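Below, chains carry the letters A, B, ... as their sequence lines are ordered, and counting in each starts from 1. The shown structure was predicted, so the numbers you read here are calculated from the model rather than taken from an experiment. These numbers come from the heavy atoms of this one structure, side chains and all, not from hydrogens, waters or symmetry mates.
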Number of protein chains: 2
Amino acid sequence: MTVLSDIRLPASRAETVADALLQPILAGAWRPHDRLPSEHALAETHGVSRAVVREAIARLKSDGYVETRQGKGAFVAAAPGGNAFRLDMAADDDHLLELRMLIEADCAALAAERHTERDLHNLRAAQAAMRDAVAAGGLGLAEDIRFHDVLAEAAHNPALRRFAAFVGRHAREAMQLARLSQLREQNRLAEIEAEHGAIIAAVASRDPAAARTAVQNHIASGLRRHGL
Amino acid sequence: MTVLSDIRLPASRAETVADALLQPILAGAWRPHDRLPSEHALAETHGVSRAVVREAIARLKSDGYVETRQGKGAFVAAAPGGNAFRLDMAADDDHLLELRMLIEADCAALAAERHTERDLHNLRAAQAAMRDAVAAGGLGLAEDIRFHDVLAEAAHNPALRRFAAFVGRHAREAMQLARLSQLREQNRLAEIEAEHGAIIAAVASRDPAAARTAVQNHIASGLRRHGL
DNA sequence: GGGCTAAACCTGCCTGACAAGCTAGACAAA
DNA sequence: TTTGTCTAGCTTGTCAGGCAGGTTTAGCCC
């Protein structure tokens, strides 16, 4: 299942062309408002059909790297890449994990200020669910993800919550969650639960600084658990 | 120039189809690993050609919402939207601006801990450039953007810096920068410079908490200046 | 020179076709 | 009946050619 998704599929021709077009934009060789070669010319130089070129340009367009105007051509956007933020390219693991720690700390600090009774209830329920999952012999991975999402929800900022989920997913991938199976033997799942409890306590006491610290401690411990 | 980019272009058919396909995915009506209708069927139901459907699916693919496999079909991705983070959809302005404040505060706090002499020099140079631009009768908009980017650079986390620039651009759009022209009359550009100076001082004294506060004060003042 | 027109580009979109991967059912063999 | 093979029919990936509509440009006429 997950193994299959790790296999690097051979990039389609459209992706190949898209990357080839993206490179000079990122490198600055093609500057904003510069005109790209015509679809016909690109098809010829890359040895593909126009349909493939159009698909490649469609991808760059949706990411905000290029803009097209009928009859005029395709142009490098004024603010290249302004539509979408990606972490898959040139994202150092250390920096990614630090970004996650910052975001989650922000979530916790806001949650400490704004949480409702319902938020607290959800946090405790999420922690209980993880405890049950571990007791049942599982790793509680889904429940851990759920806990962090509930924490982000308590910050009452949907944009922040969405980004926390986005960064969290990438961070977990970077940490190679397969190694989580080691955790059980080392009996460290209790540690995680204690740290989650500390976060809940800080949030419940409406102490932003303490909540921030509790999250930093939790994620730093997580990195240590994974030997990072 | 900038006015033109404000005009809402009529969405292309490919975009229309892409949005139509995205909706049930975001709403959860189509769950991960569900199979989408075939390109032929989608073309028929939406009254477009297969090429348009392919362009729409290409966009969803690059954002990580769907995955396709030759001979099998197109499927909702295991983690929909995992490739790209977007702010243009369903992003409340208030939440967006708060997100920006959090990120920039994180940048300042890290900068306070990690900045080099060169970073400090760059910060002061950026502030001086803005002062010069204002003295020359301009608004110093580009210089302001540059100042905030230099601050993010001083945090020494490229992923964080890229995201700060991403959020900053969207936040500035949300603030309707056209209104910046009012600033000059109100002689509030001096305020901005003073606030930038406070940030530099906090960073230079290696005080993360003070740097965080200075940024929060700066951005909150900016919102006030824009009547938000 | 100034204004108009037509030709030559460009992107947006369509049609029809073939190649390659995959699936299910028919069908023959044990 | 069970097993193995094969084929027909689906899917996506790619190609070629064409038309419609917008834009530029060069040439022509006044």
A.B. asks: Can you tell me the distance, in whole Å, between the CD atom of Glu39(A) and the P atom of dG12(C)?
C.D. replies: 6 Å
A.B. asks: Starting the side chain at C-beta, find the nucleotide from dC14(C), dG21(D), dG13(D) nearest to Gln70(A).
C.D. replies: dG21(D)
A.B. asks: What is the distance, to the nearest angstrom, from the CD1 atom on Ile57(B) to the C1' atom on dG13(D)?
C.D. replies: 12 Å
A.B. asks: Would you mind reading off the distance between Arg13(A) atom CZ and dA19(C) atom C1', rounded to a whole angstrom?
C.D. replies: 10 Å
A.B. asks: Would you kindly compare Lys72(A) and Gly47(A) by the position of their nearest DNA chain D nucleotide and give the one closer to the 5′ end?
C.D. replies: Gly47(A)
A.B. asks: Quickly work out the Glu55(B) CD to dT12(D) C1' distance and round it to whole Å.
C.D. replies: 16 Å
A.B. asks: Between Thr68(A) and dG12(C), is there a side-chain N or O to OP1/OP2 distance below 4.0 Å?
C.D. replies: yes
A.B. asks: Measure CZ/Arg35(B) against P/dC10(D) and give the value in whole Å, please.
C.D. replies: 12 Å
A.B. asks: Between dT23(D) atom P and Phe75(A) atom CZ, what is the distance in whole Å?
C.D. replies: 11 Å
A.B. asks: Want to settle it: does Ala51(A) or Gly71(A) sit nearer the 5' end of DNA chain D, counting the closest nucleotide to each?
C.D. replies: Ala51(A)
A.B. asks: Kindly say if Arg50(A) contacts the phosphate of dT14(D), meaning a side-chain N or O under 4.0 Å from OP1 or OP2.
C.D. replies: no
A.B. asks: Just so I know, are the side chains of Val150(B) and Asp119(B) near enough to count as touching, which here means a heavy-atom distance under 4.5 Å?
C.D. replies: no
A.B. asks: Aromatic ring centroids of His196(B) and Phe147(B) under 6.0 Å?
C.D. replies: yes
A.B. asks: Charged N to carboxylate O below 4.0 Å: is that the case for Lys61(B) and Glu67(B)?
C.D. replies: no
A.B. asks: What do you reckon, is CZ of Arg146(B) surrounded by more than 12 foreign heavy atoms closer than 6.0 Å?
C.D. replies: no
A.B. asks: CD1/Ile199(A) to CD/Glu104(A) distance, rounded to the nearest 0.5 angstrom?
C.D. replies: 7.5 Å
A.B. asks: Round to a whole Å and report the spacing from CD of Glu44(A) to P of dC10(C).
C.D. replies: 11 Å
A.B. asks: What contact category does Arg54(B) fall into here, base, sugar-phosphate, or nothing, at under 4.0 angstrom with non-hydrogen atoms?
C.D. replies: base
A.B. asks: His40(B) has an atom NE2; how far is it from atom P of dC10(D), in whole Å?
C.D. replies: 10 Å
A.B. asks: Indicate whether OP1 or OP2 belonging to dT11(D) is found under 4.0 Å from a side-chain N or O atom of Ser38(B).
C.D. replies: yes
